[in-house]
Amino acid sequence: MMAGAAGAQAPDPKKADAGQKVYVAQKCSVCHAIKNSGGKSASALGGVGAKLTEGDIRKWLTHTAEMESKVKPKPKMSMASYMKTHKLSDTDVDALVAFLISQK
Ligand code: HEC
């Protein structure tokens, strides 16, 4: 994806590729869609890199319950519950952040 098109502010493309693999392996698409592919029980992540800051994206992955508690109305499918059985390593989080911030 976007090979060779990395602009000055683009995240490390290797990290973003690794992040896409984590996204697939952790089945984030059970609830989220990117480019019309994936679930509809949570917001689509296709434009998340333009919507949220890098810091907020990271917080969604490291402090999921805290972030989710601010969502009104309360979501029917809980990402916080899901993440209890889908633990992310620090490397996974870094890669996912690079992948998601590149979704604009
Ligand atoms: C069980 C369903 C579910 C799964 C699986 C899930 N999420 Fe979520 N996610 C949610 C819900 C619910 C919200 C909060 C409400 C919303 O944004 O629709 C959310 C919010 C987010 C947000 C903030 C979106 C925004 O626009 O504000 C990000 C980023 C995110 N999730 C990333 C991920 C990643 C990465 C994975 C895989 C590791 C994942 N999610 C797996 C349900 C899920």
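All ligand and atom numbering here is 1-based and tracks the order in the structure. Predicted model, so just to flag it, every value in this text is computed and none were measured. Values below: every heavy atom of this structure, side chains too, minus hydrogens, waters and symmetry copies.
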Any heavy atom of [X] closer to ligand 1 than 4.0 angstrom?
X: Ser81; value: no
X: Leu61; value: yes
X: Met83; value: yes

For this session: Look only at interatomic distance and state if Lys27 has a nitrogen or oxygen under 3.5 Å from any nitrogen or oxygen of ligand 1.
Result: no
Exercise. Is the distance between atom 8 (Fe) of ligand 1 and the nearest N/O/S atom of His32 smaller than 2.8 Å?
Worked result: yes
Looking only at protein heavy atoms, identify the closest one to [atom] and say how far it is in Å.
atom: atom 12 (C) of ligand 1; result: Met77 O, 3.0 Å
atom: atom 3 (C) of ligand 1; result: Cys31 SG, 2.7 Å
atom: atom 37 (C) of ligand 1; result: Cys28 SG, 1.8 Å
atom: atom 15 (C) of ligand 1; result: Val71 CG1, 3.9 Å
atom: atom 17 (O) of ligand 1; result: Ser43 OG, 2.5 Å
atom: atom 20 (C) of ligand 1; result: Trp60 CZ3, 3.4 Å
atom: atom 33 (C) of ligand 1; result: Met79 CE, 3.3 Å

Exercise. For ligand 1, does Leu52 get within less than 4.0 Å through its side chain, its backbone, both, or neither, judged by non-hydrogen atoms?
Worked result: side chain
Problem set entry | Spacing of NE2 belonging to His86 relative to CG belonging to Leu61, to within rounding of 0.5 Å | 13.5 Å
Exercise. Rounded to the nearest 0.5 Å, how far does OG1 of Thr53 lie from CD1 of Ile101?
Worked result: 7.0 Å
Quick one: closest heavy-atom pair of [X] and [Y], and the distance?
X: Ala16; Y: Ser102; answer: CB-OG, 4.3 Å
X: Ser43; Y: His32; answer: O-ND1, 2.8 Å
X: Val48; Y: Ile57; answer: O-CD1, 4.0 Å
X: Tyr82; Y: Gln26; answer: OH-O, 2.6 Å
X: Ala50; Y: Lys104; answer: N-CG, 3.9 Å
X: Trp60; Y: Met79; answer: O-CE, 3.6 Å

Problem set entry | Sidechain-backbone polar pair: Gln103 side chain, Ile34 backbone, donor-acceptor under 3.5 Å | no
Exercise. Does any non-hydrogen side-chain atom of Pro75 lie less than 4.5 Å from one of Glu68?
Worked result: yes
For this session: For the residue pair Asp17 and Phe99, establish whether any side-chain heavy-atom pair is separated by less than 4.5 Å.
Result: no
As an exercise, identify every atom of ligand 1 less than 4.0 angstrom from a heavy atom of [X].
X: Ser78; answer: 1 (C)
X: Leu100; answer: 35 (C)
X: Tyr82; answer: 1 (C), 5 (C)
X: Pro75; answer: 12 (C)
X: Lys51; answer: 25 (C), 26 (O), 27 (O)
X: Glu68; answer: 11 (C), 12 (C)

For this session: In plain terms, say whether Arg58 and Asp94 are close enough for a salt bridge, that is, a side-chain N and a carboxylate O under 4.0 Å apart.
Result: yes
